[in-house]
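Positions are given from 1, in the same order as the sequence printed here.
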Amino acid sequence: MNTDTATLFLNPDRNLAMELVRATEAAAIRAVPFIGRGDKLAADGAAVDAMRTFLGTVNFDGVVVIGEGEKDHAPMLYNGEHVGNGRGPACDIAVDPIDGTSLTAAGRQNALSMIAVADRGSMLDASTVYYMQKIVTGAEGIGVVDIRKPIGENIRALAAAKGKPVSEMTIAVLDRPRHVGLIDEIRAAGAGTRLMLDGDVAGGINAARYETRIDMCVGTGGSPEGVVTACAIKALGGLIQAILAPVDDDQKQRGLDAGLKFDYVYDADELVRSDNTYFVATGVTDGGLVDGVRRKGPIIRTESIVLRSRSGTIRRVVADHLAEKWLD
């Protein structure tokens with residue numbers, strides 16, 4: 001076995017992703033009783049408790065760099081919290097026990113439970129600036145699209161690189177008032193839109209996957225979600241670019257004090273300075289990335305996706321859990 005091949009099999013690694021998926025499965029299952037019940041904080045609280053419990057059994061020394069819930073005043077796995085059993089690799093961890101708490105509360109699609117992991121000290125801490133402009137594509141966009149260019153120009157360039165008409169391009173955008181002008185520009189360029197109620201992480205991942213109908217994901221969304229998306233994109237071989245978007249001068253100053261750069265394009269290697277990233281997500285409700293949790297008689301079925309950059313693998317994990325083990 002040569003050195004490069006041997007590197008693929010070194011610890012921290014072979015089993016970490018499969019251990020992490022147990023935590024996202026648990027969070028997703030615990031959120032199910034709250035789907036469609038209108039109480040996103042209760043759903044989030046149940047998912048947080050389950051994820052924290054299962055992460056405590058994982059063989060790694062994790063520090064939460066991107067915690068969950070601060071913007072929504074929800075219960076959280078807080079920034080700086082140590083997770084794992086303290087044995088094994090030292091890692092940065094980003095968590096969102098439910099990405100799409102509002103979707104869960106309303107019973108809508110595309111809610112996920114997710115975790116991203118990278119080597120310690122490698123994730124960009126953009127917690128002082130809540131939002132960033134993002135553009136995400138598959139590998140065809142590398143060296144072709146540029147977040148600083150007009151969206152129509154980027155769509156036409158990517159369409160040419162993919163060898164398809166602009167009229168067949170589908171662009172995912174969060175359905176927000178701030179994106180009204182962007183949506184108009186996309187449609188004026190001749191492309192179609194896929195408007196997302198929430199969950200631009202899934203939108204970004206689907207833009208980078210080869211078998212989906214989404215060609216690009218653009219718009220302004222959460223900075224933490226941008227870093228999480230970068231962990232997944234590094235496993236998919238796609239492109240992500242981001243520019244921080246402070247909401248006011250005070251937030252910008254806090255970002256400057258934290259060493260962040262403004263009017264600057266961050267790429268995947270700056271959002272996550274590691275080639276050893278993991279992204280793990282389990283569906284809470286059905287969506288374009290994975291199916292949601294389903295009860296089938298005595299069985300609870302979950303579907304998860306597991307991405308690892310070092311090995312360049314994408315795994316889908318369908319698990320059947322004996323329901324009686326999850327009864328309180």
If we only count heavy atoms from C-beta on, is the [X] to [Y] side-chain gap below 4.5 Å?
{"X": "Ile135", "Y": "Met216", "value": "yes"}
{"X": "Val83", "Y": "Arg52", "value": "no"}
{"X": "Val247", "Y": "Tyr130", "value": "no"}
{"X": "Thr137", "Y": "Val144", "value": "no"}
{"X": "Glu140", "Y": "Val145", "value": "no"}
{"X": "Cys217", "Y": "Met196", "value": "yes"}
{"X": "Glu25", "Y": "Val21", "value": "yes"}
{"X": "Thr57", "Y": "Arg22", "value": "yes"}

On a heavy-atom basis, which atom in [X] and which in [Y] lie closest, and how many Å separate them?
{"X": "Ile214", "Y": "Ala172", "answer": "CG2-CB, 3.8 Å"}
{"X": "Ala47", "Y": "Ile98", "answer": "CB-CG1, 3.6 Å"}
{"X": "Tyr278", "Y": "Cys231", "answer": "O-CB, 4.0 Å"}
{"X": "Gly204", "Y": "Val136", "answer": "O-CG1, 3.4 Å"}
{"X": "Ala126", "Y": "Leu244", "answer": "CB-CD2, 4.3 Å"}
{"X": "Phe34", "Y": "Ala43", "answer": "CB-CB, 3.6 Å"}

Pairing of Arg30 and Asp49 as salt bridge, 4.0 angstrom limit
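Here Arg30 does not pair with Asp49 in a salt bridge, since their nearest N and O are not under 4.0 Å apart.
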salt_bridge(Asp39, Arg37) N-O dist < 4.0 Å
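Salt bridge absent between Asp39 and Arg37.
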Main-chain N/O of [Y] paired to [X] side chain as donor or acceptor, under 3.5 Å:
{"X": "Arg176", "Y": "Leu197", "answer": "yes"}
{"X": "Lys234", "Y": "Ser274", "answer": "yes"}
{"X": "His179", "Y": "Thr220", "answer": "yes"}
{"X": "Ser223", "Y": "Val129", "answer": "yes"}
{"X": "Ser113", "Y": "Pro97", "answer": "yes"}
{"X": "Ser309", "Y": "Thr277", "answer": "yes"}
{"X": "Tyr266", "Y": "Lys261", "answer": "yes"}
{"X": "Asn110", "Y": "Gly288", "answer": "yes"}
{"X": "Gln251", "Y": "Asp248", "answer": "no"}
{"X": "Arg156", "Y": "Leu158", "answer": "no"}

Whether the [X] and [Y] side chains hold a donor-acceptor pair (N or O, under 3.5 Å, no angle test) is what I'd like checked.
{"X": "Gln253", "Y": "Asp249", "value": "no"}
{"X": "Thr212", "Y": "Asn206", "value": "no"}
{"X": "Arg108", "Y": "Thr285", "value": "no"}
{"X": "Asn59", "Y": "Asn85", "value": "yes"}

Quick one: pull up [atom1] in [X] and [atom2] in [Y] and give me the separation to the nearest 0.5 Å.
{"X": "Thr101", "Y": "Asp198", "atom1": "OG1", "atom2": "CG", "result": "7.0 Å"}
{"X": "Arg254", "Y": "Thr128", "atom1": "CZ", "atom2": "OG1", "result": "7.5 Å"}
{"X": "Ile240", "Y": "Asp269", "atom1": "CD1", "atom2": "CG", "result": "11.5 Å"}
{"X": "Ile300", "Y": "Lys325", "atom1": "CD1", "atom2": "NZ", "result": "12.5 Å"}
{"X": "Arg213", "Y": "Thr170", "atom1": "CZ", "atom2": "OG1", "result": "8.5 Å"}
{"X": "Thr313", "Y": "Leu307", "atom1": "OG1", "atom2": "CG", "result": "8.0 Å"}

Please step through side chain to side chain contact (heavy atoms under 4.5 Å, CB included) for the pair Arg316 and Val290, ending with a clear verdict.
CA-CA 9 Å; Arg316 289 191 175 271; Val290 286; 3.5 Å; yes
For [X], does the [atom1] atom sit with more than 12 other heavy atoms under 6.0 Å from it, leaving out its own atoms?
{"X": "Arg315", "atom1": "CZ", "result": "no"}
{"X": "Asp263", "atom1": "CG", "result": "no"}
{"X": "Asp275", "atom1": "CG", "result": "no"}

Are [X] and [Y] connected in the hydrophobic side-chain network, where two residues link if heavy atoms are under 4.5 Å apart?
{"X": "Val64", "Y": "Ile115", "value": "yes"}
{"X": "Leu236", "Y": "Tyr210", "value": "no"}
{"X": "Ile147", "Y": "Met169", "value": "yes"}
{"X": "Met132", "Y": "Val65", "value": "yes"}
{"X": "Met114", "Y": "Leu271", "value": "yes"}

Chi angles and distances behind the side chain to side chain contact (heavy atoms under 4.5 Å, CB included) call for Leu20, Leu55
CA-CA 7 Å; Leu20 293 171; Leu55 283 176; 4.0 Å; yes
Please lay out, stage by stage, how Leu124 and Glu270 fare under the test side chain to side chain contact (heavy atoms under 4.5 Å, CB included).
CA-CA 7 Å; Leu124 179 71; Glu270 292 171 296; over 6 Å; no
Stepwise side chain to side chain contact (heavy atoms under 4.5 Å, CB included) test for Val272 and Val227:
CA-CA 7 Å; Val272 186; Val227 177; 4.1 Å; yes
Classify the ring geometry between His321 and Trp326 as parallel (under 30°), tilted (30 to 60°) or perpendicular (over 60°).
perpendicular
Only one of Thr302, Asp320, Asp286 forms a side-chain hydrogen bond (donor to acceptor under 3.5 Å, both in side chains) with Arg294, so which one is it?
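Testing each of Thr302, Asp320, Asp286 against Arg294, the sole residue satisfying side-chain hydrogen bond (donor to acceptor under 3.5 Å, both in side chains) is Asp286.
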